[in-house]
Amino acid sequence: MTVHGFDTVDLSKLRLSPGAGARLDVSVEIEAMEFASQRYTVGPRPLPVTLDVSRLNGPGFALRARFEAIVQGPCMRCLKPGRIVVQVESREVDAGGGNGGEPADSDPEMHSPYVTDEVLDVASWARDALIVSLPETLLCRDDCPGLCPVCAADLAEVGAGHSHGESPPDPRWAKLSEITLD
Ligand SMILES: [Zn+2]
Ligand SMILES: [Zn+2]
(Lines give C-alpha, C1' and ligand atoms only; values in the text may rest on other atoms or scores of the structure.)
(Ligands and ions follow the chains in the order given, each with its own letter.)
Protein backbone atom coordinates (compact mmCIF):
# COMPACT_ATOMS: atom_id res chain seq x y z
CA MET A 1 0.00 0.00 0.00
CA THR A 2 1.50 3.30 -1.06
CA VAL A 3 -0.06 6.62 -0.27
CA HIS A 4 1.28 9.39 -2.43
CA GLY A 5 -0.04 12.58 -3.84
CA PHE A 6 0.66 15.00 -1.02
CA ASP A 7 4.42 15.14 -1.37
CA THR A 8 4.02 18.51 -3.06
CA VAL A 9 1.43 21.26 -2.57
CA ASP A 10 0.59 23.80 -5.25
CA LEU A 11 0.37 26.96 -3.15
CA SER A 12 -1.22 28.96 -5.97
CA LYS A 13 -4.26 26.66 -5.80
CA LEU A 14 -5.00 27.92 -2.29
CA ARG A 15 -5.94 31.27 -3.86
CA LEU A 16 -4.97 33.18 -0.75
CA SER A 17 -5.37 36.93 -0.84
CA PRO A 18 -2.42 38.98 0.49
CA GLY A 19 -2.04 38.53 4.23
CA ALA A 20 -4.46 35.59 4.37
CA GLY A 21 -3.53 32.18 5.70
CA ALA A 22 -4.60 28.56 5.55
CA ARG A 23 -3.86 25.40 7.49
CA LEU A 24 -3.44 22.15 5.61
CA ASP A 25 -3.08 18.62 6.86
CA VAL A 26 -0.97 16.70 4.39
CA SER A 27 1.00 13.49 4.52
CA VAL A 28 4.36 12.61 3.04
CA GLU A 29 6.63 9.62 2.66
CA ILE A 30 10.12 9.91 4.14
CA GLU A 31 12.58 7.28 3.03
CA ALA A 32 14.87 5.52 5.48
CA MET A 33 18.04 7.45 6.35
CA GLU A 34 21.62 6.39 6.89
CA PHE A 35 23.80 7.63 9.75
CA ALA A 36 27.17 6.12 10.58
CA SER A 37 26.36 3.44 7.96
CA GLN A 38 23.34 2.27 9.96
CA ARG A 39 19.82 2.40 8.57
CA TYR A 40 17.07 4.37 10.32
CA THR A 41 13.43 4.22 9.28
CA VAL A 42 11.03 7.12 9.64
CA GLY A 43 7.42 6.60 10.60
CA PRO A 44 4.55 6.68 10.56
CA ARG A 45 4.08 6.03 6.88
CA PRO A 46 2.63 8.13 5.51
CA LEU A 47 3.73 10.85 7.89
CA PRO A 48 1.09 13.49 8.75
CA VAL A 49 2.38 17.06 8.47
CA THR A 50 0.50 20.20 9.53
CA LEU A 51 1.23 23.07 7.18
CA ASP A 52 0.49 26.71 7.88
CA VAL A 53 0.61 28.83 4.76
CA SER A 54 0.38 32.62 4.85
CA ARG A 55 0.40 34.76 1.78
CA LEU A 56 2.79 37.67 2.15
CA ASN A 57 1.59 41.17 1.37
CA GLY A 58 3.82 41.12 -1.67
CA PRO A 59 4.33 38.00 -3.79
CA GLY A 60 5.25 34.86 -1.95
CA PHE A 61 4.46 32.88 1.17
CA ALA A 62 5.46 32.35 4.79
CA LEU A 63 5.33 28.66 5.65
CA ARG A 64 5.42 26.59 8.79
CA ALA A 65 5.50 22.79 9.00
CA ARG A 66 4.94 20.76 12.16
CA PHE A 67 4.98 17.03 12.65
CA GLU A 68 5.98 14.22 14.95
CA ALA A 69 8.20 11.49 13.54
CA ILE A 70 9.25 8.14 14.95
CA VAL A 71 12.81 7.22 14.02
CA GLN A 72 13.82 3.60 14.49
CA GLY A 73 17.20 1.98 14.13
CA PRO A 74 20.21 0.67 16.03
CA CYS A 75 21.28 2.52 19.17
CA MET A 76 24.56 4.32 18.43
CA ARG A 77 26.07 3.03 21.68
CA CYS A 78 24.89 -0.56 22.11
CA LEU A 79 23.42 -1.34 18.65
CA LYS A 80 20.20 -2.68 20.17
CA PRO A 81 17.03 -1.55 18.35
CA GLY A 82 16.18 2.00 19.36
CA ARG A 83 13.17 4.19 18.81
CA ILE A 84 12.92 7.93 19.34
CA VAL A 85 10.06 10.34 18.86
CA VAL A 86 11.09 13.68 17.36
CA GLN A 87 8.98 16.85 17.39
CA VAL A 88 9.74 18.94 14.34
CA GLU A 89 8.84 22.53 13.62
CA SER A 90 10.30 24.41 10.67
CA ARG A 91 9.68 27.74 9.00
CA GLU A 92 10.36 28.89 5.48
CA VAL A 93 9.76 32.13 3.62
CA ASP A 94 9.57 32.39 -0.12
CA ALA A 95 9.17 35.83 -1.56
CA GLY A 96 8.37 34.54 -4.99
CA GLY A 97 9.60 36.76 -7.78
CA GLY A 98 10.18 36.12 -11.42
CA ASN A 99 6.48 35.98 -12.20
CA GLY A 100 6.07 39.52 -13.38
CA GLY A 101 5.72 40.82 -9.87
CA GLU A 102 8.30 42.90 -8.13
CA PRO A 103 11.61 41.08 -8.55
CA ALA A 104 12.43 39.74 -5.13
CA ASP A 105 15.90 40.69 -3.96
CA SER A 106 18.72 38.20 -3.97
CA ASP A 107 18.54 37.49 -0.22
CA PRO A 108 18.67 33.68 -0.05
CA GLU A 109 16.76 33.85 3.26
CA MET A 110 13.77 34.99 1.26
CA HIS A 111 13.90 32.11 -1.21
CA SER A 112 12.92 28.77 0.13
CA PRO A 113 14.75 25.95 -1.67
CA TYR A 114 11.53 23.94 -1.31
CA VAL A 115 9.35 26.27 -3.36
CA THR A 116 9.50 26.28 -7.15
CA ASP A 117 6.92 28.28 -9.09
CA GLU A 118 4.64 28.30 -6.02
CA VAL A 119 4.80 24.51 -5.68
CA LEU A 120 6.01 23.45 -2.24
CA ASP A 121 8.03 20.24 -1.98
CA VAL A 122 6.73 19.16 1.42
CA ALA A 123 8.52 15.80 1.40
CA SER A 124 12.02 17.26 0.90
CA TRP A 125 11.37 19.99 3.43
CA ALA A 126 10.07 17.55 6.05
CA ARG A 127 13.04 15.25 5.53
CA ASP A 128 15.60 18.06 5.92
CA ALA A 129 13.75 19.55 8.90
CA LEU A 130 13.70 16.16 10.58
CA ILE A 131 17.44 15.67 10.06
CA VAL A 132 18.29 19.00 11.74
CA SER A 133 15.91 18.19 14.61
CA LEU A 134 17.49 14.83 15.40
CA PRO A 135 19.66 14.49 18.49
CA GLU A 136 23.37 14.11 17.79
CA THR A 137 23.30 10.49 18.86
CA LEU A 138 20.35 8.16 18.46
CA LEU A 139 20.12 6.04 21.58
CA CYS A 140 17.85 3.21 22.76
CA ARG A 141 17.41 5.25 25.94
CA ASP A 142 18.91 8.53 27.16
CA ASP A 143 21.24 6.90 29.65
CA CYS A 144 22.29 3.90 27.56
CA PRO A 145 25.67 2.91 29.04
CA GLY A 146 26.81 1.32 25.77
CA LEU A 147 29.22 -1.55 25.41
CA CYS A 148 32.29 -2.35 27.49
CA PRO A 149 35.28 -1.01 25.54
CA VAL A 150 37.32 -4.06 26.56
CA CYS A 151 35.02 -7.05 26.00
CA ALA A 152 32.00 -5.46 24.24
CA ALA A 153 29.61 -6.74 26.91
CA ASP A 154 26.31 -4.84 27.02
CA LEU A 155 26.81 -2.68 30.11
CA ALA A 156 23.04 -2.32 30.56
CA GLU A 157 22.89 -6.09 31.14
CA VAL A 158 26.10 -6.87 33.01
CA GLY A 159 25.59 -3.94 35.39
CA ALA A 160 27.58 -0.90 36.45
CA GLY A 161 30.04 -3.02 38.43
CA HIS A 162 31.44 -4.58 35.28
CA SER A 163 35.12 -3.81 34.98
CA HIS A 164 38.45 -5.26 33.97
CA GLY A 165 40.29 -3.54 36.80
CA GLU A 166 42.53 -5.06 39.43
CA SER A 167 39.70 -6.38 41.58
CA PRO A 168 37.05 -7.57 39.17
CA PRO A 169 33.66 -8.14 40.83
CA ASP A 170 33.02 -11.27 38.78
CA PRO A 171 32.71 -14.08 41.40
CA ARG A 172 34.67 -16.51 39.23
CA TRP A 173 37.64 -14.21 39.40
CA ALA A 174 37.18 -13.89 43.16
CA LYS A 175 37.33 -17.68 43.47
CA LEU A 176 40.45 -17.76 41.39
CA SER A 177 42.21 -15.22 43.58
CA GLU A 178 41.27 -17.20 46.69
CA ILE A 179 43.00 -20.23 45.22
CA THR A 180 46.09 -18.23 44.38
CA LEU A 181 46.28 -16.83 47.89
CA ASP A 182 46.30 -20.30 49.52
ZN1 LIG B 1 21.71 1.53 23.69
ZN1 LIG C 1 34.11 -5.90 29.72
Side-chain angles (χ1 to χ4, degrees), residues 1-9 23-53 63-93 108-109 112-115 120-182:
M1 187 192 75
T2 328
V3 181
H4 279 303
F6 288 122
D7 288 354
T8 62
V9 171
R23 175 164 296 174
L24 287 80
D25 290 310
V26 301
S27 56
V28 297
E29 295 278 335
I30 299 187
E31 296 300 317
M33 306 172 169
E34 255 194 33
F35 302 110
S37 60
Q38 302 287 343
R39 192 166 179 272
Y40 295 86
T41 60
V42 179
R45 301 190 70 158
L47 176 77
V49 174
T50 302
L51 274 184
D52 289 302
V53 181
L63 306 158
R64 179 172 69 164
R66 285 171 298 165
F67 61 93
E68 182 180 281
I70 299 161
V71 179
Q72 285 180 284
C75 170
M76 287 183 181
R77 282 191 196 144
C78 73
L79 297 178
K80 272 187 295 197
R83 177 184 188 277
I84 57 166
V85 178
V86 189
Q87 305 288 342
V88 180
E89 176 167 347
S90 180
R91 289 167 193 272
E92 286 287 323
V93 174
E109 291 276 297
S112 170
Y114 310 110
V115 179
L120 172 65
D121 184 349
V122 188
S124 301
W125 181 17
R127 181 188 166 85
D128 291 351
L130 171 62
I131 289 172
V132 299
S133 305
L134 288 174
E136 229 163 86
T137 48
L138 302 172
L139 303 177
C140 60
R141 58 177 219 226
D142 285 348
D143 59 348
C144 172
L147 304 179
C148 170
V150 178
C151 70
D154 186 341
L155 295 177
E157 276 167 25
V158 296
H162 178 81
S163 98
H164 299 268
E166 285 177 16
S167 45
D170 188 319
R172 285 168 298 179
W173 286 106
K175 280 256 163 60
L176 199 64
S177 59
E178 275 166 33
I179 293 162
T180 329
L181 285 171
D182 269 355

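Counting starts at 1 for both ligands and their atoms, following the listed order. Quick note: numbers below take in every heavy atom, side chains included, and nothing from hydrogens, waters or symmetry partners.
Heavy atoms of other residues, nucleotides or ligands lying less than 6.0 angstrom from CG of Asp143 number more than 12.
The residues Asp25 and Arg23 are annotated as not salt-bridged, no charged nitrogen and carboxylate oxygen being separated by less than 4.0 angstrom. Using a cutoff of 4.0 Å between basic side-chain nitrogens and carboxylate oxygens, Arg45 and Glu31 are scored as salt-bridged.
With respect to the Zn ion (ligand 2), His164 has NE2 as its nearest N, O or S atom.
Put simply, CD1 on Ile30 and OG1 on Thr41 are 11.5 Å apart, with the number rounded to the nearest 0.5 Å.
The backbone N or O of Leu139 sits nowhere less than 3.5 Å from a side-chain atom of Thr137 that would complete a donor-acceptor pair. Without hydrogens or angle criteria, Tyr40 side chain to Arg83 main chain gives no donor-acceptor distance under 3.5 Å.
Here the rule is side-chain contact (heavy atoms from CB on, under 4.5 Å) with Trp125, and of Val49, Leu51, Val115 only Leu51 fits it.
Atoms SG of Cys151 and NE2 of His162, as seen from the Zn ion (ligand 2), are separated by an angle of 110°, to the nearest 10°.
Tally of protein N, O or S atoms closer to the Zn ion (ligand 1) than 2.8 Å: 4.
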